[in-house]
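Computed from a predicted structure; not experimentally measured. The residues of the chain are indexed from 1 along the displayed sequence.
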Amino acid sequence: MKSILAQVKQYKRDSILTPIFTALEVLMEVLLPYVTAMIIDQGIQQSDFNKVLLYGGLMLVMAGLSLTFGALAGKYGASASSGLACNLRQAIYDNIQRFSFSNIDKFSTAGLITRMTTDVTNVQNAYQMCLRIAVRAPLMLVSSMVMSFIISPRLSSMFLIAIFFLAVVLGLIMIFATKVFNVMFKKYDALNASIQENVSAIRVVKAYVREEHEDEKFKKASGDIYDLSVKAESLLAFNGPAMMLVIYSCIILIAWVGAQLIVGGEMSTGNLTSLFSYVMSIMMSLMMLSMIIVMITMSLASIRRISEVLDEKSDLHNPENPIEIVENGSIDFDNVSFAYKRGTGNNTLSDINLHIRSGETVGIIGGTGSGKTSLVNLISRLYDVSSGSVRVGGRDVREYDMEALRNQVSVVLQKNVLFSGTILDNLRWGDENATEEECIAACRAACADEFIERFPDKYNTWIEQGGTNVSGGQKQRLCIARALLKKPKILILDDSTSAVDTATDAKIRKAFAESIPGTTKIIIAQRISSVQDADRILVLDNGRINAFDTHENLLANNEIYREIYESQIKGGGDFDNTGREGA
């Protein structure tokens with residue numbers, strides 16, 4: 001709760017003014033029945049028209065003030081609750097941006113989206129109710145009780161029994177409903193995950209004619225939420241009947257006993273009329289309190305889920321006096337071991353000792369799960385080593401400012417992401433101040449210029465979200481150009497030419513040698529042709545270095561490398577030798 005309320009920030013003033021105006025509104029409403037009784041007893045029954053006008057005018061003024069205070073309370077309450085929701089979403093988003101990969105691995109994408117939408121909305125509604133109704137209802141309840149006891153202690157005592165009965169009912173509802181809501185919000189994550197997965201992979205769904213399967217999966221996720229919602233609402237449904245039972249029971253008892261008191265001369269008609277008004281105020285206050293309890297019950301689960309994200313701290317931090325400049329592109333791994341989950345003993349990488357000279361081109365090859373991507377992730381400090389050290393430019397990566405380090409280490413992944421915008425917009429992720437000429441030069445080096453020039457709008461061509469309107473090979477080449485614009489000291493290609501033909505792959509590697517000779521280039525690939533011209537090639541096997549040498553020496557002396565080479569040659573070589581790009 002503390003981390004949630006910390007996001008009120010600049011809306012503290014509105015959060016304070018809302019209950020103040022609400023309290024003033026309640027004060028006016030509580031006094032109105034008392035003035036009504038005075039009109040009846042001192043004006044109408046005494047046939048004193050002047051007092052009717054006097055007290056009637058007073059009622060109009062009080063009603064006007066009540067309306068004004070209520071409107072102001074509503075305005076400031078809406079501002080405070082909407083502001084809290086805005087700050088919460090921003091705080092969640094900002095914290096996610098600071099997460100390391102290991103932090104991100106703890107949450108699903110769908111779960112984070114649900115937290116920023118459904119959960120934040122629940123908290124927003126609960127906060128607005130707490131600012132207004134949680135202030136209004138108790139004040140109205142206490143004030144009406146006080147006025148009722150002033151009028152008739154005997155009749156008012158039955159309210160205490162009613163309050164006790166409702167407290168028991170609401171307490172039981174809250175206990176059972178909270179458990180249901182906790183499960184229900186987790187099911188929302190599953191529903192969002194199903195939608196996200198289906199929409200992002202809609203081409204695969206249609207290609208394999210799996211629409212019915214996906215419909216069934218979605219129906220199950222939606223049905224789970226339906227069942228839990230019905231269960232929760234069934235529990236909350238007891239609130240209304242219990243409230244009505246109490247209200248009508250109190251009205252009947254007050255009417256019966258009050259009539260006897262009036263006949264006996266112990267109570268005036270005006271007082272009984274006022275007492276009925278206070279009864280309704282008390283009952284309405286209890287009803288509002290029950291609504292608050294229901295809303296808080298729902299929001300408690302959301303608060304816990306939001307707090308999980310806000311309280312999650314990145315396990316990667318800058319040192320006190322970080323180094324801002326990377327001297328060169330040399331890379332050294334000294335006795336490095338790495339595990340995604342520390343303490344499990346299941347190392348992804350073990351005993352890595354590797355030394356790469358600045359400006360050298362190094363190929364990395366190995367089977368699936370051999371640790372290729374894990375190795376390069378340590379260079380830009382997307383993860384920290386479990387033991388040993390990784391040095392870039394002669395300094396431990398943990399000594400650098402992370403932003404400065406990552407600006408000098410460009411990574412192009414096999415599955416890269418393009419964002420909605422023009423080609424130029426996407427290229428300038430590498431350098432937001434890059435000129436169009438620099439963008440064109442980078443695209444020329446990445447062999448992307450040849451297909452961009454065929455587009456009617458050329459570099460102003462609009463890219464759909466995720467790059468769905470360009471092929472896989474085109475997307476990869478745009479991402480390589482984007483990385484080149486950073487002018488990095490280290491360029492890592494993580495199987496990022498897998499969707500282009502071998503002829504284009506060769507052109508890209510030749511362009512690298514000519515345009516960025518001083519940049520250290522690390523090329524992860526599945527095909528030998530992509531790495532055989534590298535200065536040296538690293539062969540990984542089950543998270544360990546099997547060999548590190550030139551193509552010729554590996555072919556002559558390394559069994560794993562030779563098997564990969566021969567399997568590709570016997571299989572007819574690499575695909576698309578004719579130069580046709582893969583989609």
Rounded distance [0.5 Å steps], OG in Ser410 versus NZ in Lys486: 4.0 Å

Verify salt bridge (charged side-chain N to carboxylate O under 4.0 Å, His left out) between Arg136 and Glu29, making sure each step is shown before the conclusion. CA-CA 11 Å; Arg136 177 185 176 84; Glu29 290 185 9; 2.5 Å; yes

Search all heavy atoms of Ile133 against all heavy atoms of Pro138 and return the closest pair with its distance. O-CD, 3.7 Å

Any Ser420 side-chain heavy atom under 4.5 Å of Trp462 side chain: yes

Distance, nearest 0.5 Å, that separates CG of Asn318 from CD1 of Ile323: 11.0 Å

Measuring only between side-chain heavy atoms, which start at C-beta, is Glu308 closer than 4.5 Å to Arg115? yes

Asp457 side chain to Asn460 main-chain N or O, any donor-acceptor pair under 3.5 Å? no

Main-chain N/O of Ala78 paired to Ser81 side chain as donor or acceptor, under 3.5 Å: yes

Sort out for me which residue in Val123, Ile92, Leu84 forms a side chain to side chain contact (heavy atoms under 4.5 Å, CB included) with Gln7. Leu84

Residues Phe99, Gln97; criterion side-chain contact (heavy atoms from CB on, under 4.5 Å); working and verdict: CA-CA 6 Å; Phe99 281 178; Gln97 299 306 304; over 6 Å; no

Set out, in order, the CA-CA distance, both residues' side-chain angles and the distance that settles side-chain contact (heavy atoms from CB on, under 4.5 Å) for Cys439 and Leu485, then state yes or no. CA-CA 7 Å; Cys439 291; Leu485 277 172; 3.9 Å; yes

Give a yes or no on whether the backbone of Met62 and the side-chain of Ser66 come within a donor-acceptor separation of less than 3.5 Å. no

Are any side-chain N or O atoms of Asn95 and backbone N or O atoms of Ala91, one a donor and one an acceptor, separated by less than 3.5 Å? no

State, yes or no, whether a side-chain contact exists between Asn125 and Met129 at a heavy-atom distance under 4.5 Å. no

Starting at CG of Leu418, measure out to CH2 of Trp429 and round the result to the nearest 0.5 Å. 10.5 Å

Among Arg304, Arg305, Gln124, find the one that has a side chain to side chain donor-acceptor pair (under 3.5 Å) with Asp119. Arg305

Return the CG to CG distance between Leu72 and Asp14, rounded to the nearest 0.5 Å. 11.0 Å

Check Met116 against Tyr93 and note the closest heavy-atom contact, atom names and distance. CE-CB, 3.9 Å

Under 3.5 Å, side chain of Asn377 to main-chain N/O of Leu382, donor-acceptor pair present? no

Measure the OG1-CG distance between Thr461 and Asp425 for me, rounded to the nearest 0.5 Å. 11.5 Å

Under the 3.5 angstrom rule, does the side chain of Arg89 hit a backbone N or O of Val120 as a donor-acceptor pair? no

With sequence neighbours excluded, what pairs up with Gln10 under the side chain to side chain donor-acceptor pair (under 3.5 Å) test? Asn87

What verdict does the side-chain contact (heavy atoms from CB on, under 4.5 Å) test give for Leu378 and Tyr383, after you've listed the backbone C-alpha separation in whole Å, the side-chain angles of each residue and the deciding distance to 0.1 Å? CA-CA 6 Å; Leu378 299 177; Tyr383 293 93; 4.0 Å; yes

With the side chain counted from C-beta on, respond yes when Asn433 and Arg428 share a heavy-atom pair under 4.5 Å apart, and no when they do not. no

For the residue pair Thr22 and Arg132, what are the closest heavy atoms and their distance? CG2-O, 3.5 Å

Can you check side-chain contact (heavy atoms from CB on, under 4.5 Å) on Ile20 and Val135, steps first, answer last? CA-CA 9 Å; Ile20 290 175; Val135 173; over 6 Å; no

Look at the rings of Tyr76 and Phe21 and say which category their plane angle falls in: under 30° parallel, 30 to 60° tilted, over 60° perpendicular. parallel

Do the side chains of Ile463 and Thr422 get nearer than 4.5 Å, heavy atoms only? no

Should we say atom NZ of Lys9 is surrounded by more than 12 heavy atoms from elsewhere, each under 6.0 Å from it? yes

Go through the steps for Asp215 and Lys219 under the test salt bridge (charged side-chain N to carboxylate O under 4.0 Å, His left out), then give the verdict. CA-CA 6 Å; Asp215 284 344; Lys219 189 182 296 183; over 6 Å; no

Gap between atom CG of Leu88 and atom CD of Gln90 - 0.5 Å precision: 11.0 Å

For a quick test of reading the model, state the closest non-hydrogen atom pair linking Ile39 to Gly56 and the distance between them. CD1-N, 3.8 Å

Note: Val412 and Ala483 closest approach over all heavy atoms is CG2-CB, 3.4 Å

Closer than 3.5 angstrom, by distance alone: can the side chain of Thr18 be matched with the main-chain N or O of Gly77 as a donor-acceptor pair? yes

Set out, in order, the CA-CA distance, both residues' side-chain angles and the distance that settles salt bridge (charged side-chain N to carboxylate O under 4.0 Å, His left out) for Arg381 and Asp384, then state yes or no. CA-CA 6 Å; Arg381 205 189 170 198; Asp384 267 344; 2.8 Å; yes

Closest heavy-atom contact between Ser15 and Tyr127? OG-OH, 2.7 Å

Are side-chain heavy atoms of Asn407 and Pro488 found at a separation under 4.5 Å? no

